[in-house]
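When a ligand or atom number is given, it counts from 1 through the structure's own listing order.
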Amino acid sequence: MEGGRKVVVSALQFSCTDDVPTNVSTAERLVRAAHGKGANIILIQELFEGYYFCQAQREDFFQRAKPYKGHPTVMRMQKLAKELGVVIPVSFFEEANNAHYNSIAIIDADGSDLGLYRKSHIPDGPGYQEKFYFNPGDTGFKVFETKFAKIGVAICWDQWFPEAARAMVLQGAEILLYPTAIGSEPQDEGLDSREHWKRVMQGHAGANLVPLVASNRMGKEVIQTEHGKSEITFYGNSFIAGPAGEMVASANDKEEAVLVAEFDLANIKRKRHSWGIFRDRRPDLYKVLLTLDGSNPRT
Ligand code: PUT
């Protein structure tokens, strides 16, 4: 029988300023703190280099995008990952000639870059106007073989789609990671999605029998838009769920956080296989999932 394979995962959470060096230094400080708590795989929140600029549709914000090759924050995190021997997915606004993506580079524990995932599902709506900036990602859902585990990494709005989580686990992901930027909704003061947000992802963990790590920014960000000021209060609530969807570690909406949790991936794999979900799937009946309108009468 396969022995234990222990991995410690971490979710970071902090308030962003709109100054890149400040945010990158905060991320580095918290990565070091997570390493100090024994973490092997450390998740930083989505687009942590600055404010969540998608509150506004501003031409000048395209200047925030940088090419993947030679990206200074990715390179700094490569150095840090190598020094500490930890895995760090690094979220950034990518410029690729005339295309732009909401991307994440996966840095392995030796500092090598294992490649890129580009966010597939791009939201739009008050406060979260991502379609103005980002092309829909063209990488497809991916898994990355890191030193400590095979990980599936998707980004924010992707977390609302069970298809994305299943696609990553089908490819062998042993842990799912989601960096995020979500909070208040400018069009509806009474709408607080945090519990919904958590339950949906806990469902992905439970339905796929894998641990799941979610890192969200926190704090109020005010952005000058084309029509005046807009503000969002990001609700943090970063968390780590276990393979039954159970909450293992969670943060609140006000405090910086370095969450850690240890999992035995060999034990989880045994339980995943013996539970029978991946034996009893019927992909021959799921063709309807390839349609937008559900029209597929035979399956
Ligand atoms: N990050 C996108 C969240 C959208 C919430 N309406």
Side-chain angles (χ1 to χ4, degrees), residues 11-18 23 27 43-58 61-62 64-65 89-94 100-104 116-137 139 141 152-165 168 176-204 212-223 225 227 229-239 241 250-253 257:
L12 309 184
Q13 170 177 307
F14 57 95
S15 294
C16 284
T17 68
D18 209 20
N23 295 322
L43 184 64
I44 311 169
Q45 61 217 27
E46 183 186 18
L47 298 171
F48 63 92
E49 288 188 298
Y51 272 175
Y52 180 72
F53 53 86
C54 313
Q55 281 200 65
Q57 296 191 10
R58 278 178 41 181
F61 284 169
F62 278 98
R64 297 176 178 225
V90 183
S91 166
F92 67 100
F93 183 15
E94 182 194 359
H100 296 83
Y101 298 100
N102 186 332
S103 298
I104 192 157
L116 202 62
Y117 168 72
R118 290 170 169 163
K119 183 172 182 172
S120 304
H121 302 97
I122 309 297
D124 200 17
Y128 301 89
Q129 303 172 78
E130 297 196 16
K131 288 194 201 298
F132 183 72
Y133 298 102
F134 308 130
N135 294 86
T139 57
F141 305 110
V153 185
I155 303 172
C156 196
W157 199 231
D158 288 329
Q159 68 208 171
W160 295 86
F161 297 83
E163 298 90 342
M168 291 187 280
L176 296 176
L177 296 104
Y178 292 95
T180 299
I182 190 166
S184 56
E185 304 282 343
Q187 81 286 10
D188 183 352
E189 271 179 31
L191 177 55
D192 182 343
S193 65
R194 73 187 74 185
E195 298 305 324
H196 185 188
W197 176 77
K198 284 188 269 191
R199 284 192 296 268
V200 165
M201 279 185 283
Q202 288 179 260
H204 301 333
L212 183 150
V213 184
S215 163
N216 187 24
R217 68 177 62 204
M218 47 169 259
K220 183 160 96 172
E221 296 182 14
V222 182
I223 294 251
T225 77
H227 310 297
K229 284 194 169 31
S230 171
E231 70 175 58
I232 293 179
T233 302
F234 293 91
Y235 53 60
N237 276 262
S238 301
F239 69 90
S250 59
N252 62 26
D253 59 359

If we only count N/O pairs under 3.5 Å, is A181 in contact with ligand 1?
yes

Are any of the N or O atoms of E185 closer than 3.5 Å to those of ligand 1?
yes

Would you kindly check if the NZ (Lys) or CZ (Arg) of R217 is within the cone defined by 45 degrees around the ring axis of F234 and under 6.0 Å from the six-membered ring centre?
yes

Among all protein heavy atoms, pick out the one at the shortest distance from atom 2 (C) of ligand 1; state its residue, atom name and that distance to 0.1 Å.
Y128 CD2, 3.5 Å

Per-atom contacts of ligand 1 with C156, taking only distances under 4.0 Å to non-hydrogen atoms
1 (N), 2 (C)

Is the F141 ring parallel, tilted or perpendicular to the H121 ring (thresholds 30°, 60°)?
parallel

Parallel, tilted or perpendicular: which one describes the rings of F132 and F62, with boundaries at 30° and 60°?
tilted

Can you confirm whether K220 is buried at NZ, in the sense that more than 12 heavy atoms of other residues, nucleotides or ligands lie under 6.0 Å from that atom?
no

For ligand 1, is any non-hydrogen atom under 4.0 Å from S193's backbone (N, CA, C, O), its side chain (CB onward), both, or neither?
neither

Measure from the ring center of W157 to the ring center of Y178 and say whether it is less than 6.0 Å.
no

